[in-house]
Asks: 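Quick one: this structure, given as structure tokens, is what I'll be asking you about.
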Amino acid sequence: MAQSHIETFNDFSKNINLEQLDVVMRLFLQSLDVEARKWFKSLPNSSITTWEQLENSFTQKWGDNRNHEYLINEFNAIRKNRKEENT
């Protein structure tokens with residue numbers, strides 16, 4: 001999903017001949033949903049200075065290739081509804 005978002009955004013920026021890196025990065029921020037935008041805004045100032053860094057950071061955080069430990073933590077965080085039976 002993250003890679004698809006980047007590809008769509010890249011196509012968009014090429015279609016409108018957008019070449020200024022600061023504008024590209026600011027528009028990319030505007031293309032993100034609420035949680036991804038919060039993540040981006042939480043990054044330290046000047047921690048991402050190239051499009052490649054942004055792509056890598058974004059796909060590491062939001063991409064499908066999450067590591068095993070992350071998935072186990074995510075699974076353990078799932079809570080049952082009160083109406084569900086204990087099994």
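Below, all heavy atoms of this structure are taken into account, side chains as well, without hydrogens, waters or symmetry copies.
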Asks: Hey, could you give me the OG/CD1 distance between Ser31 and Ile6, rounded to the nearest 0.5 Å?
Replies: 9.0 Å

Asks: So do the side chains of Trp62 and His5 get within less than 4.5 Å of each other, counting heavy atoms only?
Replies: no

Asks: With the 4.5 Å side-chain cut-off for hydrophobic clustering, are Leu21 and Ile16 part of the same group?
Replies: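 The answer is yes; both residues are in one hydrophobic cluster.
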
Asks: Hey, could you give me the CG/CD1 distance between Leu43 and Ile48, rounded to the nearest 0.5 Å?
Replies: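 Those atoms lie 4.5 Å apart.
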
Asks: What I'd like to find out is whether the side chain of Phe40 reaches to under 4.5 Å of the side chain of Phe28, using heavy atoms alone.
Replies: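 Answer no - side chains too far apart.
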
Asks: Do the rings of Trp51 and Phe9 sit parallel, tilted or perpendicular, given the 30° and 60° boundaries?
Replies: parallel

Asks: Any chance the side chains of Ser57 and Gln53 put a donor and an acceptor closer than 3.5 Å?
Replies: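 Looking only at side-chain atoms, Gln53 and Ser57 do not form any donor-acceptor pair under 3.5 Å.
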
Asks: Between Thr50 and Glu55, is a side chain to side chain contact (heavy atoms under 4.5 Å, CB included) present by the stated rule, with each step listed?
Replies: CA-CA 9 Å; Thr50 68; Glu55 262 190 271; over 6 Å; no

Asks: If I take atom OG1 from residue Thr49 and atom CG from residue Asp22, how far apart are they, to the nearest 0.5 angstrom?
Replies: 12.5 Å

Asks: Starting at CE of Met25, measure out to CG of Leu54 and round the result to the nearest 0.5 Å.
Replies: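 One gets 4.5 Å once the value is rounded to the nearest 0.5 Å.
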
